[in-house]
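Data first, discussion second: the structure below is written as structure tokens.
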Amino acid sequence: MTITHTSENSISGTPAAPERVDTSLSQIRDRDFGYNEARHLLLRAGFGGTDEQIRTLAEWGPERAVDYLLDYEDIPAEADARDAFDSGIIRPRNDAEKRAYRKAQQASDENALAQFRTIRQRAQRDDRNQMRKVQQWWITRMIQTPRPFEEKLTLFWHGHFATNFRTIEDSYHMYAQNRMLRANALGNFGDLLRGIVRDPAMLKYLNNNQNRKSSPNENLAREIMELFSLGEGNYTERDIKDGAKALTGFTYRDDAFVFNKNQHDNNSKRILGSIGNLDADGFVNAILLSPNCAPFICAKLYKYFVSDISTDVRSLKGAPRTVVRKMSAMLQDQRYDLKPVLRRLFLSRHFYDPSVMGNKIKSPAELVIGAVRTLNVPVRNLTILTGAMDMMGQSVFLPPSVKGWDGGRSWINTSTLFIRQNTLVYMLTGQQAQKNRRFVDPTAYDPTRLVPSMNDPRMDSNPPAELIANELLDLTLGHRPMGAIEFLVDAANKVDKPNTTKGITTMLLLITSMPEYQLS
Amino acid sequence: MNLHNNPDDAKAYTRRAFIQSSTLLASAALTVPAFIQSSAFALPRPEMGLSSIAGVDEDNILVIVQLSGGNDGLNTVIPYRDDTYHRLRPSIGLNLDNIHILSALGTNGASDLALNGSMTGIRELYDEGQCAIIQGVGYPNPNRSHFTSMDIWHTADTTATGDGWIGKYIDAQCCGYGKGESGTPDGSQPEYKIEPPIAIGREAPLMLSGRTMMPVSFETPDLFDWAGAKFSKDIIEDHQKLTDTLNEHADPNTNNAFLLRTAMDARVSSATIRKAVAAKPLVQYPNSKLSTQLSMIGSMIRAGMKTRVYYASIGSFDTHANQLGSQNRLLGQLSGAVRAFQSDLKAQGNDARVTTMCFSEFGRRVGQNASNGTDHGTAAPMFMFGPKVQGGFHSRHPSLTNLDNGDLKYTADFRSVYAEILDRWLNAKSRDVLGGNYRHLRVMDV
């Protein structure tokens with residue numbers, strides 16, 4: 001098998017003169033799908049991959065490659081068990097406890113009340129510890145999964161239906177929401193909405209547990225339309241008021257959704273043109289009937305998978321506007337089934353247009369998970385990695401607000417850029433940036449396996465330094481920037497020989513410190 | 001193939017297919033962008049020294065301190081003689097034992113107002129005439145969302161959209177481009193005469209972000225440097241040359257160009273900033289996060305850096321429950337940090353060059369809630385510090401009975417304060433930045 005680089009960029013290092021962006025959703029030709037395209041697909045529909053994985057996908061061609069990633073249910077994987085985490089850390093008081101508490105209150109028994117407080121504080125502390133474990137469980141899953149697209153998409157929905165642990169203070173609810181999102185990630189968008197209006201974490205986060213017939217709370221009704229389905233300006237205050245009424249009584253008890261029909265408002269509502277005694281499902285149906293729903297979802301998918309655009313559909317211009325419009329027409333035709341639309345997108349000529357490839361800023365998750373999956377660096381210490389991601393602005397289960405992460409350029413400033421570079425330094429070498437952290441993680445890293453020519457039995461085991469550098473650039477950047485090679489080889493020679501573990505690590509340190517390494 | 005990625009599993013890295021070796025490229029000449037050569041970051045000027053030229057406004061520095069979460073104004077500046085205050089705050093209202101009653105200062109006195117008892121340092125500054133308290137600051141149709149209200153304060157725009165007001169100020173200075181717009185009229189690469197603002201923290205605050213100008217942010221000096229040097233010092237030069245390699249053909253609107261600019265800002269400011277903050281401050285600061293931030297800002301000013309706007313922040317003011325202890329502690333930290341900062345600047349001889357402005361996204365409701373806390377409200381006092389402020393009280397204290405939806409009515413628009421800072425301290429035209437005329441409150445004494 002011979003894989004040739006299809007893009008001129010990969011050889012010359014200078015971008016081609018601006019050409020018209022290909023906005024076609026028709027399928028990329030097999031012969032246009034080479035190493036760089038396969039690499040791009042793995043980065044965007046996953047977290048990147050090894051040289052071997054890239055080559056395999058390239059050899060398979062676009063259709064088989066995309067199907068392999070998207071038909072992930074065919075790939076055996078460890079199921080996420082409902083009982084992997086303790087559901088009982090945060091739980092409502094049982095009847096006996098309630099009686100005891102009431103008695104203590106009535107008697108103003110300060111000792112007993114203090115004991116209740118201590119029990120509560122202990123539970124909260126245990127719950128925060130469990131949240132850290134769930135966080136690390138998910139990061140590990142992203143690192144190890146044979147179904148990278150499943151996790152990439154689950155992370156998308158987590159940012160879309162953003163819920164923050166710090167507000168709801170129940171790690172098991174966060175975990176259960178994560179399972180719900182994963183189970184529906186590539187299914188039907190309507191099912192996701194129906195799932196989210198029954199999700200204890202979301203019901204608590206947006207106060208729907210306080211949304212009662214007698215005193216409606218509009219928080220969830222507003223955000224469902226503004227952030228989860230339609231976008232600002234596509235609904236009225238009346239829609240919010242009646243939407244809130246439709247959601248009354250949708251609450252939870254302990255870990256399960258319950259419909260409290262005594263709190264539900266059975267009066268007629270009018271939401272987005274639909275009239276009747278609507279409940280949450282009626283509200284969801286009204287949303288799905290709106291012509292603004294599919295464009296909003298497609299713009300968000302486009303922003304996550306294709307390029308850093310605004311999610312305000314009306315402000316879209318040029319190629320993104322055209323492509324989002326085509327995607328939304330298709331999503332409507334498919335009655336909100338997501339898979340055919342995403343399959344079409346990942347197979348489209350537009351997805352592989354030069355303006356799209358290598359021009360998207362990596363999220364912290366893409367940077368950190370990608371380092372392991374592409375460079376095969378050791379994970380070393382998950383607490384340090386999740387801490388680093390937090391400093392870069394992305395803690396899973398702790399999104400900054402109900403809007404989720406803004407993404408794009410908002411990830412990058414002078415502070416986070418150093419954190420990003422230094423996290424790679426840590427993963428490659430075990431060295432931490434902090435002055436007071438002198439401990440160097442001793443886990444060995446063997447980067448020689450990244451270099452194809454060093455693993456080819458037909459080749460001299462001592463390939464030239466320039467070839468090693470170029471092969472590393474192909475894997476990490478997808479092209480060879482002009483002049484870079486000179487510094488890579490020079491630095492490797494200063495530290496050791498270019499074909500040793502130390503020499504190659506040195507080159508990787510320099511490559512991962514290049515601004516371009518932040519692009520996917 | 002298997003996409004399963006077990007880092008311990010070597011199977012993912014089996015021998016590879018033959019790959020054609022590619023043509024090797026000759027190295028290209030490197031271009032160093034012009035703005036680095038003209039940057040004070042790259043070329044620190046030792047002759048700047050500690051002194052300043054009084055009255056030269058190019059020398060003036062603004063320090064912004066953000067109190068995040070919505071600071072409760074009524075327990076910061078206390079209307080202690082008002083019965084309504086005590087009636088609506090039975091368990092969190094401050095009594096005479098817990099406040100600093102202030103003496104009248106010239107025409108700006110207010111005999112019925114006091115400072116929170118934990119604000120001893122700020123009380124001293126008040127007595128020295130170096131603390132201006134602007135009462136009842138807010139804006140029309142107040143927004144009670146943390147995010148939106150904070151964005152309103154950052155953009156100086158009640159729709160909470162657009163660039164940051166300091167960003168707009170710097171863009172306007174740089175390009176002579178006014179009318180509330182920022183960037184260059186023709187979209188060309190701007191040439192800045194002013195250094196980027198510096199924010200302490202891991203975020204680039206919206207307030208400091210313009211169309212093209214982005215602030216320099218750093219959290220701690222040891223995280224503001226490339227750690228690859230720890231692996232080998234010999235490779236620093238190669239690393240720097242690599243990041244200097246700007247692609248001449250890079251479209252300024254691409255993410256790559258944006259990353260290159262940010263990387264350049266990071267690299268050229270890193271050494272200067274780290275060197276500046278490594279110096280021991282001339283005075284002892286208390287032990288708090290805000291004190292650490294202000295002491296670093298003090299050291300950067302002392303080192304003669306030409307930065308004109310600095311930004312620090314302190315959080316946790318969202319006191320919905322058990323407010324008393326936590327807010328007092330936070331106000332104590334604020335007070336101690338600001339007091340030490342002013343002493344530091346005075347010891348440096350730079351105090352007259354620096355004015356500090358302190359704000360929060362909103363105040364809180366008049367009455368306490370059921371959890372001995374307060375919920376999101378509206379207008380609240382702003383503070384300004386330094387020898388060049390008109391010490392004492394400004395504007396009027398909002399009435400506790402004549403309310404708007406149960407909340408305080410604002411008596412001063414926050415943009416009036418911004419306007420005065422722009423016009424009288426930063427030598428700019430506030431109309432160009434704020435898109436309108438706002439009446440000065442005569443808080444600056446210059």
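Note that the structure is a prediction, hence the values are computed from the model and not measured. Only heavy atoms go into these numbers, but all of them, side chains included; no hydrogens, no water, no symmetry mates.
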Between [X] and [Y], is any pair of side-chain heavy atoms under 4.5 Å apart?
{"X": "A:Asn413", "Y": "B:Met214", "result": "no"}
{"X": "A:Ile412", "Y": "B:Leu259", "result": "yes"}
{"X": "A:Lys502", "Y": "B:Phe231", "result": "yes"}

Pick from [options] with the largest number of heavy-atom pairs that fall under 4.5 Å of chain B:
{"options": "A:Ala492, A:Ser401, A:Gly49", "value": "A:Ser401"}
{"options": "A:Thr140, A:Val440, A:Ile511, A:Leu510", "value": "A:Leu510"}
{"options": "A:Met514, A:Arg147, A:Met392", "value": "A:Met514"}

Could you tell me the separation between the [atom1] atom of [X] and the [atom2] atom of [Y], rounded to the nearest 0.5 Å?
{"X": "A:Gln518", "Y": "B:Asn256", "atom1": "CD", "atom2": "CG", "answer": "11.0 Å"}
{"X": "A:Ile419", "Y": "B:Phe224", "atom1": "CD1", "atom2": "CZ", "answer": "10.5 Å"}
{"X": "A:Leu417", "Y": "B:Asp265", "atom1": "CG", "atom2": "CG", "answer": "10.0 Å"}
{"X": "A:Thr505", "Y": "B:Ile235", "atom1": "OG1", "atom2": "CD1", "answer": "10.0 Å"}
{"X": "B:Glu237", "Y": "A:Phe487", "atom1": "CD", "atom2": "CZ", "answer": "8.5 Å"}

Which bit of [X] is near chain A, if near means a heavy-atom gap under 4.5 Å: side chain, backbone, both or neither?
{"X": "B:Phe147", "answer": "side chain"}
{"X": "B:Ser270", "answer": "side chain"}
{"X": "B:Ser232", "answer": "side chain"}

Exercise. Take B:Asp238 and A:Lys494 through the salt bridge (charged side-chain N to carboxylate O under 4.0 Å, His left out) test and state the conclusion after the steps.
Key: CA-CA 10 Å; B:Asp238 287 306; A:Lys494 281 180 189 156; 3.0 Å; yes

Could you pull out the closest heavy-atom pair between [X] and [Y], with the gap in Å?
{"X": "A:Ser415", "Y": "B:Glu219", "answer": "OG-N, 4.2 Å"}
{"X": "B:Arg202", "Y": "A:Thr416", "answer": "O-CG2, 3.6 Å"}
{"X": "A:Phe418", "Y": "B:Trp226", "answer": "CE2-N, 3.6 Å"}

Quiz prompt | When B:Ser209, B:Pro215, B:Ala227, B:Ala199 are compared by non-hydrogen pairs under 4.5 Å with chain A, the top option | solution = B:Ala227

Would you indicate whether [X], at its atom [atom1], is surrounded by more than 12 heavy atoms from other residues, nucleotides or ligands within a distance under 6.0 Å?
{"X": "A:Lys403", "atom1": "NZ", "result": "no"}
{"X": "B:Glu203", "atom1": "CD", "result": "no"}
{"X": "A:Asn436", "atom1": "CG", "result": "yes"}

Heavy-atom cut-off 4.5 Å, strictly under: side chain, backbone, both or neither for [X] against chain B?
{"X": "A:Gln434", "result": "both"}
{"X": "A:Arg437", "result": "backbone"}
{"X": "A:Thr429", "result": "side chain"}
{"X": "A:Asp390", "result": "both"}
{"X": "A:Leu69", "result": "side chain"}
{"X": "A:Ile75", "result": "neither"}
{"X": "A:Leu42", "result": "side chain"}

For the side chain of [X] and the backbone of [Y], is there at least one donor-acceptor N/O pair under 3.5 Å apart?
{"X": "A:Thr414", "Y": "B:Ser217", "value": "yes"}
{"X": "B:Asp234", "Y": "A:Val495", "value": "no"}
{"X": "B:Lys230", "Y": "A:Gln432", "value": "yes"}

Quiz item: With distance as the sole criterion, is a donor-acceptor pair present between the side chains of B:Asn255 and A:Asp308 under 3.5 Å?
Solution: yes

